[in-house]
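Structure, as structure tokens:
Every value quoted in this text rests on a predicted model; they were computed, and no experiment measured them. Note on naming: letters A, B, ... go to the chains in the order of the sequence lines (proteins, then strands), and numbering restarts at 1 for each one.
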There are 2 protein chains.
Amino acid sequence: MKDMKRNLEDITNKLKNNNIRPSHQRLKVLEFLDNNRIHPTVEQIYHSLYDEIPTLSKTTIYNTLNTLIEAGLVRILTIEDNEVRYDIRTDTHGHFKCKSCGNIYDFEVDMDLVEVKGLNGFRIYTKDVYFSGICSKCLEQEDGAKIFDKVI
Amino acid sequence: MKDMKRNLEDITNKLKNNNIRPSHQRLKVLEFLDNNRIHPTVEQIYHSLYDEIPTLSKTTIYNTLNTLIEAGLVRILTIEDNEVRYDIRTDTHGHFKCKSCGNIYDFEVDMDLVEVKGLNGFRIYTKDVYFSGICSKCLEQEDGAKIFDKVI
DNA sequence: TATAATATTGTAATGATTACAAATTAGAAA
DNA sequence: TTTCTAATTTGTAATCATTACAATATTATA
Ligand SMILES: [Mn+2]
Ligand SMILES: [Mn+2]
Ligand SMILES: [Zn+2]
Ligand SMILES: [Zn+2]
């Protein structure tokens, strides 16, 4: 209870600090991203908030996300064709997509030590890492041989 | 001259070896990807081949690329929202996108040595790396201070 | 050459995102 | 609290990339 309120206050301040009016819709979108760290799509966010906000428009989700991205509070993930996802974590971290369940996991990676060849004289601003494979849950649940045979 | 012919023969064999009929359009698409390592978009490929093949349809470009991807001869790059690109290199390598000129460069990276936390029990199949910043050409050409001030 | 299988083409359909203007809401001022 | 104005939300239309589909053309083989 208290945590919920505190959290909402934090989110409100987060918006205010970035000169973004803390409207009901914006608070709900940011709260959803904070509570559901699943790198959701626009569709997922819209569908999840629709019960609470029956007048909600999908355009508002797009507008809000673009506003949040511009302010650096959210970042966009385009790890695969035809699915754009949104991440409330903006610090450097890697992403793993499970080919079986489709879930996207965060992982920690230190790219500072990685050696690269062919970028002499280049100025690097961002480093993104994207892995894919089968997550531990899917490996446990499903039959090992089955997964091994699956065409990837 | 001779190299061109040889190259075309190689491309034809490449298709045949993968049970893909070496049609005129397919040869031209693959040849373009081989000769122009710029990670082109569908639009770029279409536009470049249109002079040679006036009857060319954009659907053919899509069909051909999907066929080549399925055969593992080409891979798709979705390093940024709203631009899908295609790469004839299918071996593991990194990509750098210049925020100034928009060009995408290949670079060599050894991901085997990279340490990650949070993927215990995961089976990893692919590892992709995507950097962004300013390329050496743009740094040389433009005024340093100007680039530094530019909002990224 | 004749035939059947496959590829190409043009057009229509789909789906995600954006543009835009009207309606609503939030925040400051009175 | 009420009023006023600017910002936000909403619904609809427009745009753009990609795919579906059927007709036409091409290829491989006999
Ligand atoms: Mn993440
Ligand atoms: Mn490449
Ligand atoms: Zn999984
Ligand atoms: Zn550049």
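Under a 4.0 Å N-O distance rule, the pair B:Asp106/B:Arg89 qualifies as a salt bridge. Between B:Lys137 and B:Glu140 no salt bridge is recorded (no basic side-chain N to carboxylate O distance below 4.0 Å). Between A:Asp34 and A:Lys14 there is no salt bridge, since none of the side-chain N atoms of the basic residue sits less than 4.0 Å from a carboxylate O of the acidic one.
Residue A:Glu70 contributes atom CD, which lies 15 Å from atom C1' of C:dT18 at whole-angstrom precision. One interatomic measurement links the two molecules: CD1 of A:Ile61 to P of D:dT8, which rounds to 15 Å at whole-angstrom precision. At whole-Å resolution of the value, CD1 in A:Ile69 and P in C:dT17 are 11 Å apart. The nearest whole Å value for the distance from the CG atom in B:Leu27 to the P atom in D:dT26 is 16 Å. Going from atom CG of A:Leu65 over to atom P of C:dT18 covers 10 Å, rounded to whole Å. Atoms CD1 (A:Ile53) and C1' (D:dG11) sit 16 Å apart, rounded to a whole Å. Rounded to whole Å, atom P of D:dA25 lies 17 Å from atom NE2 of B:His24. Between the P atom of C:dT9 and the NZ atom of B:Lys28 lies a distance of 14 Å, rounded to the nearest Å.
When the nearest nucleotides of DNA chain C are assigned to B:Asp81 and B:Ile20 by heavy-atom distance, the more 5′-ward of the two goes with B:Ile20. Where B:Glu43 and B:Arg21 meet DNA chain D, the nucleotide closest to each residue was compared, and B:Glu43 sits on the side nearer the 5' end. Taking for each of B:Asn82 and A:Ser57 the nucleotide of DNA chain D with the nearest heavy atom, the 5'-most of the two is the partner of A:Ser57.
Within the nucleic acid shown, A:Asn63 comes within 4.0 Å of at least one base atom, counting heavy atoms only. Among the atoms of the strands shown, base atoms are found under 4.0 Å from some heavy atom of B:Thr60. Counting non-hydrogen atoms under 4.0 angstrom, A:Asn66 reaches the backbone sugars and phosphates but no base.
Note on B:Thr55: a side-chain N or O is less than 4.0 Å away from OP1 or OP2 of C:dT9. Contact annotation: A:Thr59 does not reach the phosphate of C:dA19 (side-chain N/O to OP1 or OP2, under 4.0 Å). Checking the phosphate oxygens (OP1, OP2) of D:dT10, a side-chain nitrogen or oxygen of A:Gln25 falls inside 4.0 Å. Applying the 4.0 Å criterion to OP1 and OP2 of C:dT17, one finds that A:Tyr62 has a side-chain N or O inside that range.
Comparing D:dT10, C:dT17, C:dA7 by their closest approach to the side chain of A:Leu56 singles out D:dT10.
Within a 6.0 Å radius of CD in A:Glu108, other residues, nucleotides and ligands contribute more than 12 heavy atoms.
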| message | Test side chain to side chain contact (heavy atoms under 4.5 Å, CB included) on A:Ile88 and A:Arg37; report intermediate values, then the result. | response | CA-CA 8 Å; A:Ile88 199 170; A:Arg37 308 255 174 155; 3.6 Å; yes

